[in-house]
Asker: 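Dropping the structure in here first, questions after.
Everything numeric here is computed off the predicted structure, so don't read it as measured data. Atom set for the values below is all heavy atoms of this structure, side chains included, hydrogens, waters and symmetry mates excluded.
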Amino acid sequence: MSPLVRVQNFNISSDGYGAGEGQTLERPFGHADPGALFSWCGATAHWPTRTDPGGTYGLDDYFTRDYRNNIGAEIMGRNKFGPQRGPWDNYDWQGWWGDEPPFRTPVFVLTHHPRPSITVGETTFHFLDASPKEALARAFEAADGKDVRIGGGVSTVREFLDADLIDQMHIAVAPVVLGRGERLWAAPDELTDRFHLEQVPSSSGVIHHLFWRR
C-alpha cells in the first residue's frame, strides 16, 4: 500500500473554527479556549504530551493512539510553530513545543521566510518556502515509506485540501462555539464530493469525523 497523506486528531469547534482571533505568544489559539477544544484528547491515557499516569481508554484513546501510527513526517504552517510574522527576529526561538515536541519525526514548516533547520529533542524542524506539492515531496522523502501528517493549522489544511493532496482525515468536533477565527468549514458536507464521511459521537462530547477518499 502506498503511503498516505493524513490529517490526524485535528480539533475544531462545532461551528467549524480551529483557532480564534488575536493569536499571541501567550494565547496560541487567540480568543479560543484550548481546553474546550482539546480536553477530550488531553484526558486520554495515550495523549503524546501526557506526563502523569492514568487517563481514559475507549474511543477517544483509540484516536490518540493512532496519532503517531505509521507517521514518518509532518507538514505544518508557520502559525503552528509560533506567532511570529515576517522575517525571523531571533533564531533562538524554537517554537511553542518545549524541550521535547510531540512529533518525533522530521517536521516541515511552511513559511515565506526560511531559516536554518533546528533539532529540538527527537524532532527536527525544517523551514520551507514551497508549494504544497513541493513540500509533500520533501516530506515523503524524509518519511522513508511511512505516511505524512498534515498537522495544521487551518489555513495549511485548507491549502492541501484545495490542492487535492489529502487522502484521509480525522477531525474532532468539540461542543463549543467560537464564532470567529480560522474556519475549516461551514459544514462537513462541503467535502463529501471527494470523501466518504462517517461521524462517530463520543461520550466525551466530541464527534469524530472520519474522511477517506471516494
Side-chain angles (χ1 to χ4, degrees), residues 3-20 23 27-77 79-81 95-107 120-123 125 143 146-154 156-157 166-178 181-182 184-185 188 191 195-212:
L4 300 173
V5 181
R6 293 162 46 195
V7 175
Q8 189 72 34
N9 285 15
F10 194 78
N11 299 273
I12 66 172
S13 65
S14 61
D15 53 347
Y17 294 94
Q23 180 191 49
R27 296 184 64 86
F29 288 86
H31 81 280
D33 174 11
L37 293 173
F38 292 92
S39 60
W40 73 271
C41 50
T44 61
H46 291 89
W47 183 237
T49 58
R50 173 173 286 281
T51 57
D52 55 329
T56 63
Y57 287 81
L59 178 65
D60 290 345
D61 191 60
Y62 170 84
F63 285 110
T64 58
R65 280 185 283 126
D66 205 36
Y67 178 73
R68 289 202 186 110
N69 182 34
N70 201 46
I71 295 294
E74 169 154 336
I75 298 172
M76 67 171 62
N79 288 8
K80 186 174 177 179
F81 181 79
W96 269 314
W97 301 101
D99 295 332
E100 188 55 76
F103 313 107
R104 300 181 184 179
T105 66
V107 174
V120 185
E122 296 181 39
T123 299
F125 294 93
K146 294 184 177 182
D147 297 342
V148 171
R149 181 172 53 228
I150 308 302
V154 171
T156 298
V157 173
I166 293 176
D167 299 306
Q168 296 179 359
M169 293 198 300
H170 163 231
I171 310 294
V173 178
V176 59
V177 174
L178 294 185
E182 289 191 84
L184 182 63
W185 62 47
L191 302 177
F195 294 94
H196 299 283
L197 168 61
E198 186 169 348
Q199 300 175 8
V200 186
S202 168
S203 59
S204 64
V206 303
I207 300 176
H208 298 284
H209 289 60
L210 306 176
F211 296 85
W212 66 99

Asker: Can you name the closest pair of heavy atoms from C41 and T64 and give their distance?
Answerer: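 Heavy atoms of C41 and T64 come nearest at CB-CG2, 3.7 Å.
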Asker: What's the verdict on ring-ring contact (aromatic ring centres under 6.0 Å, His included) for Y57 and H46, showing C-alpha distance, side-chain angles and the deciding distance?
Answerer: CA-CA 8 Å; Y57 287 81; H46 291 89; 5.8 Å; yes
Asker: Using modelled atom types and a 3.5 Å cut-off, is there a donor and acceptor pairing between side-chain atoms of S202 and backbone atoms of V206?
Answerer: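 Side chain of S202 to backbone of V206: no pair is present.
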Asker: Which atom names give the shortest non-hydrogen contact between A73 and T105, and what distance separates them?
Answerer: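 What the structure gives for the nearest pair is CA-OG1, 3.7 Å.
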Asker: Just so I know, are the side chains of R6 and D167 near enough to count as touching, which here means a heavy-atom distance under 4.5 Å?
Answerer: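 Side chain of R6 against side chain of D167, heavy atoms only: no contact under 4.5 Å found.
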Asker: Test side chain to side chain contact (heavy atoms under 4.5 Å, CB included) on N9 and H170; report intermediate values, then the result.
Answerer: CA-CA 6 Å; N9 285 15; H170 163 231; 2.9 Å; yes
Asker: Would you give the length of the straight line joining atom CG of D61 to atom OG of S204, rounded to the nearest 0.5 angstrom?
Answerer: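 If we round to the nearest 0.5 Å, D61:CG and S204:OG are 11.5 Å apart.
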Asker: With sequence neighbours excluded, tell me which residues meet salt bridge (Lys or Arg N to Asp or Glu O under 4.0 Å) with E100.
Answerer: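 Testing E100 for salt bridge (Lys or Arg N to Asp or Glu O under 4.0 Å), a comparison that skips the adjacent residues, returns R104.
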Asker: Would you compute the distance between atom CG of L4 and atom CH2 of W212 and round it to the nearest 0.5 angstrom?
Answerer: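 Answer for the CG-CH2 pair, L4 versus W212, is 13.5 Å.
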Asker: Using 30° and 60° as the class limits, which term best fits the ring planes of F195 and F211: parallel, tilted or perpendicular?
Answerer: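 Perpendicular, since the angle between the ring planes exceeds 60°.
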Asker: Quick check for you: to the nearest 0.5 Å, what is the distance between I150 atom CD1 and M169 atom CE?
Answerer: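 Here the interatomic distance stands at 11.0 Å.
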Asker: With sequence neighbours left out, what residues match V120 under side chain to side chain contact (heavy atoms under 4.5 Å, CB included)?
Answerer: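 Partners of V120 by the side chain to side chain contact (heavy atoms under 4.5 Å, CB included) criterion, ordered by chain and then number, come out as Q94, P101, I118, F125.
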Asker: If you look at every heavy atom in I207 and Q199, which pair is closest and at what distance?
Answerer: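 Heavy atoms only, the tightest pair is CG2-CB, 4.0 Å.
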Asker: Atom CG in N69, atom OH in Y62: separation rounded to 0.5 Å?
Answerer: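 It is 8.0 Å, given to the nearest 0.5 Å.
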Asker: Rounded to the nearest 0.5 Å, what separates atom CZ in F10 from atom CZ in R149?
Answerer: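 Answer for the CZ-CZ pair, F10 versus R149, is 12.5 Å.
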Asker: Less than 4.5 Å apart, any side-chain heavy atom of M76 and any of T156?
Answerer: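 A side-chain contact is absent here, since even the closest heavy-atom pair is not under 4.5 Å.
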Asker: Roughly how far apart are D147 CG and Q168 CD, rounded to 0.5 Å?
Answerer: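 Going from CG on D147 over to CD on Q168, the span is 7.5 Å.
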Asker: Check A36 against V176 and note the closest heavy-atom contact, atom names and distance.
Answerer: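 Between these two residues, the closest heavy atoms are CB-CG2, 4.1 Å.
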Asker: Does some side-chain heavy atom of N79 sit less than 4.5 Å from a side-chain heavy atom of E182?
Answerer: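 Yes, close enough: below the 4.5 Å cut-off.
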Asker: Do I75 and V148 touch side chain to side chain, with heavy atoms closer than 4.5 Å?
Answerer: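 Result yes, sub-4.5 Å side-chain heavy-atom pair found.
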Asker: Report the residues that fulfil salt bridge (Lys or Arg N to Asp or Glu O under 4.0 Å) with R68, sequence neighbours left out, ordered by chain and then residue number.
Answerer: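 By the salt bridge (Lys or Arg N to Asp or Glu O under 4.0 Å) rule, R68 matches no residue at all.
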Asker: Count the heavy atoms belonging to other residues, nucleotides or ligands that lie under 6.0 Å from CG of D99, then report whether that count exceeds 12.
Answerer: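 No, CG of D99 has 12 or fewer neighbouring heavy atoms, counting only those of other groups under 6.0 Å.
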Asker: Using side-chain heavy atoms (C-beta onward) and a distance below 4.5 Å, is V157 in contact with W185?
Answerer: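 A side-chain contact is absent here, since even the closest heavy-atom pair is not under 4.5 Å.
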Asker: Answer yes or no: is there a side-chain heavy-atom contact under 4.5 Å between P188 and L197?
Answerer: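 Side chain of P188 against side chain of L197, heavy atoms only: contact under 4.5 Å found.
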Asker: Indicate the atoms forming the closest heavy-atom contact of P175 with G205, along with that distance.
Answerer: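 Looking at all heavy atoms of both residues, the closest pair is CD-O, 3.5 Å.
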Asker: What are the two closest non-hydrogen atoms of D66 and Q8, and how far apart are they?
Answerer: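 Nearest pair, atom of D66 first, then Q8: OD2-NE2, 3.4 Å.
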Asker: Looking only at atom types and distance, does a side-chain atom of Q23 sit under 3.5 Å from a main-chain N or O of P28, one as donor and one as acceptor?
Answerer: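 Yes, the answer is positive, given that a donor and an acceptor are paired below the 3.5 Å cut-off.
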Asker: Would you call the rings of H208 and W40 parallel, tilted or perpendicular, taking 30° and 60° as the class edges?
Answerer: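 The arrangement is perpendicular - the two ring planes meet at more than 60°.
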Asker: Check whether any side-chain heavy atom of T44 lies under 4.5 Å from a side-chain heavy atom of R50, and answer yes or no.
Answerer: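 Side chain of T44 against side chain of R50, heavy atoms only: no contact under 4.5 Å found.
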